[in-house]
Amino acid sequence: MTATQAIATSGLPGAPAKKMPKAGVKNRKLLLTLNVVSVVAGILLWWALSLAGFRLPTPVAVVERAGELIASGTLLTDISASLTRVLIGFALGTLVAIPVGFLMGWYTVARGIIEPWVQFFRTIPPLAIIPLAIVLMGIGEEPKIFVIFLAAFFACVISTFQGVVNVDRTLINAARVLGSKDGGIFIRVVVPASTPFILVGMRVGLGASWSTLVAAELIAAQQGLGFRMQQAQIYYDLPTIFVGLITIGILGLLMDRILLFAERKLTGWQERR
């Protein structure tokens, strides 16, 4: 029996995913129902506060403003600009963070060289680098994407690193006893065991990317959800601000659910509540 076969049959990372029990399906249905109830309750509370005199636009006013922005093509243009920046920055940050995190976790020399710099720069908010990015890169798309890249990179690299160093030594020793070399152990044991950490880091990095977007679009942007909200703030256009906020929230939620779906597919061997 090979190391991979032994690990697969022992229920460790790399083993085939088991079918979700009926209790798990019921829990998911319950959660979905609670999600819907929570959203409806939140909208009703928002409506009640706006009618009670708080300086909030009603949901109807926001929907009407969204319809106007969609009809003029403004909202779709802003969504396209913002989504492009987030996707590029997030993708680049993740693609760089995963191998760097693996290097730091697997090789002591790499950890000693890289970790001090990662720990130092991750304490600096990406927004604080905006002035430097403008000086070095100008006022085009590059500085906007760069600060989003940093937000995604530091969230994902730390999570990947922790995933590697937290791999159960028993799994590694078992694979070694069964004849696996370092390369095989890394591919068959370390990578699967680190995948949940990587995906959590990606979800955190995605949230950081969206939160950085609005500030990034203050860098001489002419399109984008953050730019539109800034312009609306000048004219006290609350419905437009709410349209921007809700749009960012919906896009971020959809992207997070895609990552959550990928997490379920790639980590089916894990026991779940």
Where Ile248 and Trp210 come nearest, the two heavy atoms and their spacing: CG2-CE3, 3.7 Å
Please write out which residues are connected to Tyr235 in a hydrophobic cluster, directly or through intermediates, given that two of Ile, Leu, Val, Met, Phe, Trp, Tyr count as joined at side-chain heavy-atom separations below 4.5 angstrom. Ile234
So Leu225 and Leu75, do their side chains get closer than 4.5 Å, heavy atoms only? yes
Considering only residues two or more places apart or on different chains, which pairs with a residue in residues 69-79 satisfy side-chain hydrogen bond (donor to acceptor under 3.5 Å, both in side chains)? Ser72-Thr74, Asp78-Arg228
Not counting sequence neighbours, which residues clear ring pair (Phe, Tyr, Trp, His ring centres under 6.0 Å) with Phe146? List them please. none
For Phe197, check ring pair (Phe, Tyr, Trp, His ring centres under 6.0 Å) against everything at least two apart and list the hits. none
Residues which pass side-chain contact (heavy atoms from CB on, under 4.5 Å) with Ile124, listed by chain and number, not counting sequence neighbours: Phe120, Phe121, Ala128, Ile129
With Ala110 via side-chain contact (heavy atoms from CB on, under 4.5 Å) - residues at least two apart: Leu103, Tyr107, Ile114
Each residue besides Val60 in its hydrophobic cluster should be listed here, by chain and number; the cluster joins Ile, Leu, Val, Met, Phe, Trp and Tyr at side-chain heavy-atom distances under 4.5 Å. Trp47, Leu51
Are Leu69 and Phe227 connected in a single hydrophobic cluster, I mean Ile/Leu/Val/Met/Phe/Trp/Tyr linked by side-chain heavy atoms less than 4.5 Å apart? no
Contacts of Arg111 that satisfy salt bridge (Lys or Arg N to Asp or Glu O under 4.0 Å) - sequence neighbours left out: none
Where at least one partner belongs to residues 244-261, residue pairs that pass side-chain hydrogen bond (donor to acceptor under 3.5 Å, both in side chains), sequence neighbours excluded: Arg203-Asp256
side-chain hydrogen bond (donor to acceptor under 3.5 Å, both in side chains) partners of Glu141, counting only residues at least two apart: Arg85
Of Phe161, Phe102, Trp106, which meets side chain to side chain contact (heavy atoms under 4.5 Å, CB included) against Ser194? Phe102
Partner residues of Phe242 under the ring pair (Phe, Tyr, Trp, His ring centres under 6.0 Å) criterion, sequence neighbours left out: Trp46
Salt bridge (Lys or Arg N to Asp or Glu O under 4.0 Å) partners for Glu68, two or more places apart: Arg65
